[in-house]
Structure formats: C-alpha cells, structure tokens
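These numbers were taken from a predicted model, which means no experiment stands behind them. All ligand and atom numbering here is 1-based and tracks the order in the structure. All values below were derived from every heavy atom in this structure, side-chain atoms included, with hydrogens, water molecules and symmetry-related copies excluded.
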Amino acid sequence: MENPQPGMRVLVPLGTKQMVGIVLREHTEPIPDSIRLRDVIMALDEQPAVNSAQLALWQWIADYYMCPIGDVMAAALPARVCDRTYSFSPVKKRRVRLPEYIGEIEDIHPLNDEQQRAKQEILQAWQTQETVLLHGVTASGKTEVYIHLIQEQLVQGHQVLYLVPEIALTTQLTDRLQRVFGDQVVVYHSRVSDGLRAEIYRQQLHPQPRLIVGARSAVLLPFSGLGLVIVDEEHETSYKQQEPAPRYHARSAAIMLAHQTGAKVLLGTATPAVETYHNALSGKYGLVRMTHRYQDIELPRVTLIDLERQYHRREMYGHFSDPLVDRMREVLQAGRQVILFQNRRGYAPQLQCVSCGQPPRCPNCDVPLTLHMQAHELRCHYCGHARAIPSICPACGGELRVRGFGTERLEDEVAQYFPEARVLRMDLDTTRQKTAYQDIIDRFARHECDILIGTQMVSKGLHFDDVGLVAVLSADHLLNQPDFRAYERAFQMLSQVAGRAGRKGQQGEVIIQTWQRDNGLLLHVLNHDYEALYQEQIAEREQFHYPPFYRIIELTLRHRDEQSVVEAARLLQRRLQGVFAERVSGVVVPSIARVQNQYIRLVRLRIEAGANIVRAKQMVAEQIDYVQTRHKRVQIIADVDPQ
Ligand code: ADP
Ligand code: ZN
C-alpha cells in the first residue's frame, strides 16, 4: 500500500475495534520505544477527505482551545463521513437539492447612498486589513450590503461563508439569499439530515463558487477559493460552543480560517461585542458605520416605566402597568401588532413556600424547578427532570405561592386583559417541532395574530411590517446577572428587541418596565447610545482585569462525589498558583454548584493580553495532567475565552 496522504481517511485498530481516522501528517522523526505502533488496516479514500487548510484550522482550534484534535474532527465531520462504508467516490455530478427550493429568482436591490458608501469603505479597508467591523444600526440594511459583496465574490469564482448565530431563527434571511443567488446557496446546520450534510461536505471538497450559510460548525467545512467570511450578529454568544469540546468561538475560528486562506472577514452587528469594538477602535480591525435606518425611518422611541411606582400606586394589571395597557389598546385599535418580550419560559421561574421560603428544587441539580402550568408539572431547565406540581411545600408542608413570571403566565394574563386579541407564543416550549418556529413567524408576518409573546427568540433579526409596539415586561432579570458581561448583554438584548419596532414607514415605540428606573444602562438603551455603553464597559474591563485586557481560562472540575471534586480543585488551584501566582482565583463554588448529580468547582486564570499565551497554556496543561493522574475520575475541562 502506498503511504496515505494527510487528510485521507484510514481504518485503524483501536483496542479490539476498528476505527476511522484521519491522517494528520507523515511521521519522519525516530519513534521512541515506549510508543507501540500498529499498522493502518487500509486507506479508505483515494483523495484526501480533509483539505490542508481545514487541517490547519483544526490544529489551531485544538491548540487555542486546549482540546484534542480528535474532538475538533468529530465536530467537523458529518456522522456519515465517519462511517467506514461511506465513499467519497465515485463522484457523481449531483448537486445538493435544496430542501425547499424557491422558484422565483429575485433581483438584487440597488444600494442607497449610505449603503453604497459603506460598501466602498469596506472594500477600501480590506486593502490593508483582513477583518472589518460593519457597525450599523438595526434595519440600516446590512444584509443588502452583504448581498452586494457576496455577489462580487461569486462572480469572481470565489466561495463565501455566511455565518449566522442560529440557523433555525434565520429562515427569512435564507429565503432571501436563495431568491437572489438560487442554487448557489447551500444551507448547512445541525437540523439538516445526515445524508444531506455528508453530501454538502462531499461537494465542498470540489471547488465551485458557492455561498455556504450556516451556524457555528460550518466554519469547519472544507473550503477552496474562499474569498469572504461574513459573521452576522457577531456579538451573539451562540457562536461560542459550550458543550462538548471543542469549546471554540466561531468568530475567532472564522478570522483564523480567513487569515490562513487569504480570505477577508466582515463582522456585522448593531451592538458589537466589547472585544470586537476594542479591536476596531485600536485599528486591528477596519471600522465602517451605518447610522441611518433604511429609508431614514427613525430609531424607535423608548420609554421606561417605573415598576416600583406602579406597584406602589397599585396601577398594575397582573404584570402590565397601566400606561402599557393603555398603549397596547391604542396600538391594537389602530390595527397594528404588539410584541411582548419576557426572557423566561414556563409559567413562573419558581414556586416559593410562604413558611420556609424555599422553592421546590431539582433533585439532580442545584436549581429551583420552573413551573409549567399547561403541562401540569415542575421542570428543571438544566436536566429536564419533571415532577407533578406539589400542593404543599415538599420540605415543610407550607403553602406554596407563585413567584415571578414566564411567557406562559403572560399568555394567561393577555387572555384576561385583552380577550379580543389573537395571541401567539414563541419560546422553546412552543417551537419543539421542526416547523413550529417558521409557522409562528409566518402567521405573525401575515398578521393572523395581534400579539406575539416570546423569549429572546423574538429579538432575532426578524422583520415585521405592522409592529407598532414592543414591550419588555421586566428588564430586571437581564440587569441582575452575576457576570461581568451582564450589562453588555442586556444592552444587546434590549437594543435588538427594540429593533423589531417600526420597520416600515413609521417610527416604532418601545416600552421597558423596570424596578431600576435610574439604572444608567437603561438610559443608554433609551438613547441608542452604544458608544456610552462601550466606554463604561471598557473602563471596567481594564480596571477589573477582564477581556480584552486579560484572557480568561476557566477550569471546571466535575465529579459525583463532592469531597473528590473539592480536593482535586484545591490541588489544581495550589499547583497553578505556584506557577501563575495572583493570576489564579481561589476555588470558586459556582452559583449552580451541582448539575445532573455532578458537583462542580471552578478555578479561573487571567493572563495579561500581551503575555506568551501559548507557553501559558502549556503550563496549564501540565498542571491539569498532574492533577488528573492523582484524581483520575474527576473530570477537568478547560474553557478558553469563556462567554
Ligand atoms: P439590518 O440587517 O441592518 O438590520 P436589513 O438588511 O435586514 O437590516 O434591512 C432592513 C429592511 O430594509 C429589510 O426589510 C430590507 O429588505 C430593507 N432594505 C434595506 N436596504 C434595502 C435596499 N437597498 N433596497 C430595498 N430594501 C432594502
Ligand atoms: Zn435538574
């Protein structure tokens, strides 16, 4: 057998099993006796199944995010490609059939002056910079600018990768792209069937101008002649993979992919991540702005309502303040629609005992159970555990009261106070079926319903022509997160939700209810003042040693036995402190310290942005290995740049 080349799939013996592996490189150095060699059973391909640019990116991800390259491979290859019986040849001249082909091809819209200027500035910036941030207010028409840039790339015979935070939430976008670019568009994400994923993968091995639209993992596909990567809504946290490894950030991976292949990157958003904006201001990225909405529609008028005052005066209907109810009535009467945003699903976040003050908790996780009225049960949002609703407190037998509210409870209240209105609810519970999300969007867009109630799902880049009012029932939950990114996130979320108001023809209106009327963050939302938010946040980040001034590496230890995990965490903390001194936190007990019966402890490291991070990671890895050999059954996970 000839030596298989890097990137080829081979069948290899592993214990008593035979596994599919990928050849990384040919080994020419002498091999120490301690390493036992086994023969490759056979090569499965005549051509590499993974190209060299891909391998380089996988290696970078494995190194940067401190995980085995095998984990990256598992995330990158469609399941079917990992099957030994899968064959890349014979290559059929078959194109991917689009699941729902859209017949009519639509013309590309001409850009308006501001969009035209932005496009020229982007092209200009790419002369000297690989990555450009397009900071454009909601509905400024960023998508139209992308479309013009994509068209130029495709005409030149290049490939384009268009990353979106969550593909299920972007059907309006993919429809539009398919109408403009026809069958050059390929949509790639985890809900695409196994067979289709493998077919898309196979076709990507054969260079052809193509627009790949996909979520995070699309960045791991093979590309040839890649000209441009667009990262839309670049601030979205779903770009970072949490579980399992590789815990990579698709934005960072996209920038690295483009760097390695000579492509350009465009990051687009109305509310940049603080890190991204910092890079743009410091000149590392190009910066292009769009400050006007398409057709000069004004940004929505935002009003804050002081819940403390409203409750004090008893001017509330359930969770709706008097002024909100009045405005909703007027807007509905005028024949327009209303979006109600509450970022909690279920009926209420918890039941609480009036005697002992305790909520019924999950037996497997250290969290209160969430009340789901329609399903008649309490549910854990971490492990899915469900139980019947107890009539009395399980701990002391006291009376249980409902505390807080989720989308389900809002739906009940809307039915009570707006009996005539037609209502739809959009959250994880109502969109479990494949087409449910799309159905809700379509029905709301066709104005078959007057009020849409939803979680953050309703904030995602949707356009509805008739929405006159967007209301945030309570901003407080967003403001009170124990996280250094809480305000940044709250600003992003509230601005995005507000962006759903007033899209066609007239200024929209946003009402935000809150107990923290004087919170400065809300003032920035009111003034659409990203700059002010950024200046405050970056000053805090510098003062308290957070990114982008410091890099965080978070080490999570998990085990079923609390004592074991505590001992391992203490040992790891001491060892790291020996190397990194004050850059290491103490052993942190996280706010949710047990999930699915696993106890959790954390140790955090902060490394100066200018330090030798490669060396630092090596030293961290050595200490993890040291602790791992002494605590074999404790799981130790590294998360680089945790979100
Ligand atoms: P953003 O992504 O900046 O929030 P979009 O690109 O989605 O904004 O544009 C908002 C709305 O304006 C969409 O309905 C879009 O079709 C419309 N629009 C934007 N630019 C143009 C244009 N040049 N010609 C026609 N319609 C446009
Ligand atoms: Zn649980």
Side-chain angles (χ1 to χ4, degrees), residues 106-119 122 133-151 162-165 169-177 179-180 230-236 266-272 288-300 346 349-350 359-370 372 377-387 441 445 459-467 492 495-506 508 528 530 560 592-600:
E106 208 171 74
D107 275 345
I108 186 164
H109 297 309
L111 298 179
N112 68 15
D113 288 350
E114 184 176 52
Q115 292 166 341
Q116 188 60 34
R117 175 192 51 75
K119 184 189 154 200
I122 292 165
L133 167 66
L134 175 58
H135 180 203
V137 296
T138 50
S140 53
K142 294 183 285 297
T143 317
E144 297 301 326
V145 176
Y146 302 158
I147 287 174
H148 279 251
L149 294 166
I150 292 166
Q151 193 184 38
Y162 190 140
L163 289 176
V164 291
L169 305 186
T170 42
T171 36
Q172 279 188 344
L173 170 73
T174 48
D175 285 357
R176 167 101 179 103
L177 293 173
R179 283 197 301 268
V180 176
I230 292 167
V231 185
D232 194 21
E233 306 294 356
E234 64 84 27
H235 65 279
E236 283 282 344
L266 185 60
L267 309 176
T269 177
T271 52
V288 175
R289 295 178 212 270
M290 293 204 290
T291 53
H292 298 86
R293 288 186 143 191
Y294 180 65
Q295 291 180 329
D296 278 322
I297 295 166
E298 282 177 81
L299 283 166
Q350 47 185 267
R361 306 179 82 85
C362 175
N364 313 318
C365 311
D366 189 12
V367 291
L369 295 166
T370 300
H372 287 253
E377 60 190 22
L378 295 179
R379 254 186 239 159
C380 172
H381 285 188
Y382 284 83
C383 73
H385 170 85
R387 60 160 291 173
I441 299 288
S459 71
K460 307 288 174 189
L462 298 166
H463 310 299
F464 302 110
D465 293 341
D466 288 346
V467 173
Q492 287 161 347
S495 305
Q496 297 286 343
V497 180
R500 301 316 110 206
R503 286 203 153 226
K504 216 159 225 171
Q506 41 182 305
H528 306 286
Y530 174 80
R560 291 180 80 85
I592 297 163
R594 185 171 57 112
V595 173
Q596 294 187 5
N597 284 319
Q598 301 265 335
Y599 289 89
I600 306 170

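Contact annotation for His109 and ligand 1: only side-chain heavy atoms (C-beta onward) come within less than 4.0 Å of the ligand. If you look at Thr138 next to ligand 1, the close heavy atoms, those under 4.0 Å, all belong to the backbone.
Side-chain contact between Leu134 and Tyr146 is present, with at least one heavy-atom pair separated by less than 4.5 Å. Side-chain contact between Arg176 and Glu106 is present, with at least one heavy-atom pair separated by less than 4.5 Å.
Taking every non-hydrogen atom of Thr143 and a distance limit under 4.0 Å, the qualifying atoms of ligand 1 come out as 2 (O), 5 (P), 6 (O), 7 (O). Taking a cut-off of under 4.0 Å to the non-hydrogen atoms of Ala139, the atoms of ligand 1 that pass are 1 (P), 3 (O), 4 (O), 8 (O), 10 (C).
Between Arg293 and Glu114, no side-chain nitrogen of the basic residue sits less than 4.0 Å from a carboxylate oxygen of the acidic one, so the salt-bridge criterion is not met.
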Practice problem: For ring-ring contact (aromatic ring centres under 6.0 Å, His included), just list the numbers for His235 and His135, CA-CA rounded to whole Å, side-chain angles, deciding distance to a tenth of an Å, and then say yes or no. | Solution: CA-CA 11 Å; His235 65 279; His135 180 203; over 10 Å; no
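Considering backbone and side-chain N/O of Gln115, one or more are found under 3.5 Å from N/O of ligand 1. Note: an N/O pair closer than 3.5 Å links Tyr294 and ligand 1 by distance alone. Considering backbone and side-chain atoms alike, Leu111 places every N or O at 3.5 Å or more from each N or O of ligand 1.
In plain terms, the two heavy atoms of Pro300 and His528 that are nearest each other are O-NE2, 2.8 Å. Ser140 and His292 get closest at one heavy-atom pair: CB-O, 3.2 Å.
Using a non-hydrogen distance threshold of 4.0 Å, Val137 registers as a contact of ligand 1. Assignment of Pro110 to the shell around ligand 1 is supported, since a heavy atom sits closer than 4.0 Å. Using a non-hydrogen distance threshold of 4.0 Å, Ser140 registers as a contact of ligand 1.
Under the side chain to side chain contact (heavy atoms under 4.5 Å, CB included) test applied with Leu133, the options Thr269, Val231, Ile122 reduce to a single match, Thr269.
For Gln115 (side chain) and Asn112 (main-chain N/O), a donor-acceptor pair under 3.5 Å exists by modelled atom type.
With the Zn ion (ligand 2) as the vertex, atom SG of Cys383 and atom SG of Cys365 span an angle of 110° (nearest 10 degrees).
For the Zn ion (ligand 2), the N/O/S atoms of Cys380 include one lying under 2.8 Å.
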